[in-house]
Amino acid sequence: MTQPIKLAILAMGGEGGGVLADWIVDMGEHNGYIAQTTSVPGVAQRTGATIYYVELYPAAQATADGGQPILALMPLPGDVDVVLASELMEAGRAVQRGLVTTDRTTLIASTHRVYSIAEKSALGDGRVDSAQLLGHAEAAARRFIRFDMAQAAEASGSVISAVLFGALAGAGVLPFARAQFEDTITRGGVGVQPSLKAFATGFARAQDPLDPATPQPAAMPAPQPRHPAVRALVDRVQQRFEPAAHFVLLEGVRRLIDYQDIDYAALYLDRMAGIAALPAVADTPQLVIETGRHLALWMSYEDTARVAALKTRATRFERVRGEASVKSGQILAINEYMHPRLQEICETLPAGIGRWLMRSSLPRRLVEKLTQHGRVIQTSSVHGYLMLRTVAGMKRWRRSTMRYAEENRRIEAWLACIADTADRNPALAVEVAQCQRLVKGYSDTHTRGTLNYDTLMAALERAGSNLAPATLRELRDAALADEHGNQLRAALARHALA
Amino acid sequence: MAERSFVEEVKKLRLSGGEVFSGEGILAVTKALLESGVSYVAGYQGSPISHLMDVLADAQDILADYGIRFENSASEATAAATLAASVNYPLRGAVTFKATVGTNVASDALANLASGGVVGGALIIVGEDYGEGSSIMQERSHAFAMKSQMWLLDPRPNLPCIVQAVKDGFELSEASHTPVMLQLRIRACHVHGHFIAGDNRRAKFTLQDALQTPQRDVSRIVLPPASFLHEQEKVQDRWPAAVRFIEERQLNEFFSADADDVGIIVQGGCYNTLLRALERLGLADVYGNTRMPLYVMNVAYPLIDSEVLRFCEGKRAVLVVEEGQPNFVEQNLASILRQAGSTTVLHGKDTLPVAGEYTASELLKGARSFGERYGRLQPLPVPPPVRKVFALKEVSAVGVDDGPAPAVLGPLADSVNGRPPGFCTGCPERPIFTAMKLVERELGTHHVSADIGCHLFSILPPFHIGATTMGYGLGTASAAAFGRPDGKRAISVMGDGGFWHNGLTSGIANAVFNRSDNLTIVVDNNYTSATGGQDILSSTALNPTRSTGHEIERAVRGVGVKWVRTLRRTYDVAGMRDLLREALTTKEAGPKVLIAQSECMLNKQRREKPLVRKAIADGKRVVREKFGVDADTCTGDHSCIRLSGCPSLSIKPNPDPLRTDPVATVLDSCVGCGVCGEVSHAAVLCPSFYKAQIVSNPNRWDRMRERVRAAVIGWLQRGDARRREAYAF
């Protein structure tokens, strides 16, 4: 007996899931089908996930059979022909709810991600693995049509629902011709041209659904230094270090020349040479790579001069133009939100002046008063630009600042700890190197990170060679799990390291 | 102005007899009201019946044509009390609200109304917010119908049945002098379908007629001895009259009643889902022709004993499908069958889940279990227990363990996160809670009593603020016990919607009278945003049919609050933080009220977007603002996200080859509300945020300044780039 065609649409608020459902109903009703749709909106309209459900039944069949079909108001798991998901995690949700089954369901989903609040608010990297979602979707569906529809929508100046509608047509799972789909969009009368364009993209991609393979990181072009001193550094990396470490070390050199100067990059390689000479490296080449990565990051710590340098570059102005989609004929102004406090100012000044200012009474209070509120600096104005450029220029006395001395002390201690640990347990040394990841950000965030780092180093010292690499990793993950340090405290207590 | 405009839908209300109405279930109800000749309609908005109120608001000229009075009631209690117009006069009236929260609020009026009874048809349309997507406690309207002895209709969820239920409801109400509730579940409210329209009707007896010749009848008033009389009337006259009407009009339906010696009794609202389950089991076809006898109760209360006994006669067993608990219907059926000495076995919650929504899969399972038990279905073969077999595989030599790892699929649940609702992009309420987080850092945590409304999203990530929520407008009241003048102050949050609904009296005035020392934050965004952006007393919009512009601050001062502050730009995070600190530390006794005022961004954008588009097209100078994050200075800690939770503030892979943590990024949907910048200032976050101002149609001064800037800055930048280039490789 003829069965209704059953479609479920999973979308988030504001993505046009309702429009898509209405299009399908309208297309059905104009082409000889009895159509029904319903949804459960409610609070879901504010960023939550919504399921729209549509059923279509041929009217001619109903007339011939002399009946009116009883259509359902919610999908029955295992009884859905087409599932449309506007985003990859929503596709995963459809699978989780049992709406996607290998015997019949065509799953049409966008592969882009709209990150959940849990993913976004993690202190480090809280993203779920898209490969897992893709794997489950692939395993659950009879046919899985997927591509980045957000990109397709943007390229055609339209919305995802139009691309999904196109992909639905292209999949060929509904008894309607392309023209019938397109007529539906035209009948809707809103944003018809962009929608049709997005529809066409979706249609084409669904017929050739292979997502272009994720672009492999382009093989690093052979470095071609022009400056003799730079060439010497590059040669040093290439001749004295294992090839596996070249990428990271060259990036490190590049970064530190940009951050300070040639000598600073040379210091980086000096330090790395010390690590590369450790006997443990023979069995654990990872140690050079991880230390190289984190040493470069630590040596290029973010201070006021660095931020100002990055903010005033031409490349950065261009990037903002792109991000703000500035069209020709429009004028762009860039405003920075800065909040340098007494501490940051003292850190940037030559150590002597910085210390004096920290300890002084009236000047200190004056600066504190001046820095009570954040400042908005318009980098795109001549005045603001010159101000930031001047701050950027302060890097020339960076080596004499309080902050530099402090960071160097910490770096040296960290390197010594790595070397020391590597003798006993190379794997643990790799974990120690990665602990630098905790120290990041500015002001309170930086203070918190540094505190966590110190806590871990203290735990390491206390446990000595008894600490397993996995335990240190666990502590590091715990430190990144919440802002208040609750999980770290619990983990320390669990391992009797508190 | 409501979130959605129904100008198109309203035209459907003018359809006349024979034309086809096509649209949402809840809109069909509005048409049915017109066809029933109502004289007045009132209600309080809320999912899933907000659209009903919004359509009526947009249809006031049509309502005027038919002499219908339409009220946006102050609360559900107001709405229910409005039905008093039908007590003495043959006036048909309908009210609507969300159940069961609305039924709770309205229950005083409903109970009094049901006691005295009505002359004109009185219909209470409740949007039953039960099951998936529900935002309220899981209770049912059924209990209210039973306790006050009102009749409850639960029609099959298709448009013709829903429309017929409205019309039957008025007649049933008049025939039995009893108010009638019409319950519509969420999916039924939003279902798209068709019905053949009838002609709209104008009431013969009008509101003016009533006012010209007022009637009173002391026996209709709830006072002894009349109230004792009402109790007897209910059982001796009204109930039997209702039963007679329901029987004669055959409001309940029998399908293939004699086809088998087992059968299913189902409430109308669950019919479609049950039918799908039976069809999948091969017991029915897609048109509803069933081999399994069905008794469909489109009237959920009262039960009709004669029909039940007729259906059960000669049946070995029946299954009752009754969603939610307690199982009122099942108990009622049991007593009917028992008293009649019936031997029919009754199944219900023994076969179906005791609690929770009856989804398609639950009904499939229940119907299968029932069918198997009575031999109507072949039991599914039980799959033989799967023994784990460890195949002998070639393994590499011991100690060599570094082959490529197989792609292992982990549990899907690990990869699918919840998507709790949050504040919209640019929402003016978000910075209030950001400021609360900042004050928390200084003064420690406080007890926070939350309320119903968008601001309730603050209890969810990333804010985690709010300990209880006791009901709409009850934020302040639910901190009453903590109002003592020593120790830390409790903080209450209340929306402008809740404030006018009852919070002014139940919360603020109560706090004044009881000398409470607590702080109440009134979130005033100019609309009842959570229910779809309807206007209220303090709305600033010019509404041609309603009186707006009544300030909350004046009302608060009017009931005697001395410490009142109004912040007119909630995006000012530092200002908000300072006011909060002051409110929590001031020596002044008595309740503190902080009114946080900024327009709902959804409504603002809806109003302003078309204007901006037009201005740009007309060549006018327009400045658009958008925030952004510099990926090279962002270190991937995401403090900003934890203090904001804006949908437009997201993450992206780190472009830095040495870093792995994703960096923050601002999506194109940013409306430039400014909170990102304010937060990074107030919380001293990081210097990564920038605000881009994009000037369309720049004027001569803009262009001249831009030329100077490009010349100076460009020259310097080119020089810097050259110097860097020398060291590049």
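Numbers restart at 1 for each chain; the letters A, B, ... are given by sequence-line order, proteins then strands.
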- Message: Using a 4.5 angstrom heavy-atom cutoff, name the option from B:T359, B:L658, B:L275, B:I641 with the most pairs to chain A.
- Response: B:L658
- Note on the structure: Checked B:D630, B:T273, B:N272 vs chain A; the most non-hydrogen pairs under 4.5 Å come from B:D630
- Query: Ignoring hydrogens and geometry, is there a side-chain-to-backbone donor-acceptor pair from B:K691 to A:I334 under 3.5 Å?
  - Reply: no
- Run the salt-bridge test on A:E483 and B:K437 with the 4.0 Å N-O cut-off and return the result as yes or no. no
- Task: Could you go through the salt bridge (Lys or Arg N to Asp or Glu O under 4.0 Å) check for A:R319 and B:D632 one step at a time?
- Result: CA-CA 11 Å; A:R319 197 181 62 226; B:D632 46 11; 3.5 Å; yes
- Flag the one option from B:H194, B:R703, B:R718 with the top tally of heavy-atom pairs under 4.5 Å to chain A. B:H194
- If you take all heavy atoms of A:R127 and B:P662, which pair is closest and at what distance? NE-CG, 3.7 Å
- Item | For A:S39 against B:I186, the heavy-atom pair lying closest together | O-CG2, 4.4 Å
- Message: Using heavy-atom distances under 4.5 Å, tell me whether B:E132 contacts chain A through its side chain, its backbone, both, or neither.
- Response: both
- Message: Determine whether a donor-acceptor pair (N or O, by modelled atom type, separation under 3.5 Å) exists between the side chain of B:R724 and the backbone of A:D258.
- Response: no
- May I ask you to decide whether B:R419 forms a salt bridge with A:E119, counting only side-chain N to carboxylate O separations under 4.0 Å? no
- Query: Between A:Q3 and B:R280, is any side-chain donor less than 3.5 angstrom from a side-chain acceptor?
  - Reply: yes
- Item | Closest non-hydrogen atom pair between A:T38 and B:R187, with its separation | OG1-O, 2.7 Å
- Message: What I'd like to find out is whether the side chain of B:H192 reaches to under 4.5 Å of the side chain of A:E29, using heavy atoms alone.
- Response: yes
- With no hydrogens and no angle check, is any side-chain donor or acceptor of B:H638 less than 3.5 Å from a backbone partner on A:D125? no
- Message: If we count only N and O atoms by modelled type, under 3.5 Å, do the side chains of A:N335 and B:Y690 hold a donor and an acceptor together?
- Response: no
- Message: Can you confirm whether more than 12 heavy atoms, excluding those of A:R97, are under 6.0 Å from its CZ atom?
- Response: no
- Answer yes when A:R313 and B:D720 have at least one side-chain N-carboxylate O distance shorter than 4.0 Å, and no when they do not. no
- Item | Toward chain B, the part of A:R316 with a non-hydrogen atom under 4.5 Å | side chain
- Flag the pair B:T633 / A:E302 as yes when at least one side-chain heavy-atom distance between them is below 4.5 Å, and no otherwise. no
- Item | Per-residue contact mode, B:R276 against chain A (heavy atom under 4.5 angstrom) | side chain
- Message: So does B:L409 get a backbone contact from the side chain of A:Q132, meaning a donor-acceptor N/O pair under 3.5 Å?
- Response: no
- Task: Salt-bridge test for A:R226 and B:E725: reply yes if a basic N is under 4.0 Å from a carboxylate O, no otherwise.
- Result: yes
- Query: Picking from A:K311, A:R341, A:E90, which has the most non-hydrogen pairs under 4.5 angstrom with chain B?
  - Reply: A:K311
- Would you please classify the geometry between the B:Y727 ring and the A:H227 ring as parallel, tilted or perpendicular, with 30° and 60° separating the classes? tilted
- Task: Heavy-atom pairs under 4.5 Å with chain A are the metric here; pick the option from B:E24, B:E678, B:E279 that has the most.
- Result: B:E279
- Task: Indicate the ring-plane relationship of A:Y337 and B:H681, choosing parallel, tilted or perpendicular according to the 30° and 60° boundaries.
- Result: tilted
- Message: Whether A:R293 and B:D656 form a salt bridge (side-chain N of Lys/Arg under 4.0 Å from carboxylate O of Asp/Glu) is what I want to check.
- Response: no
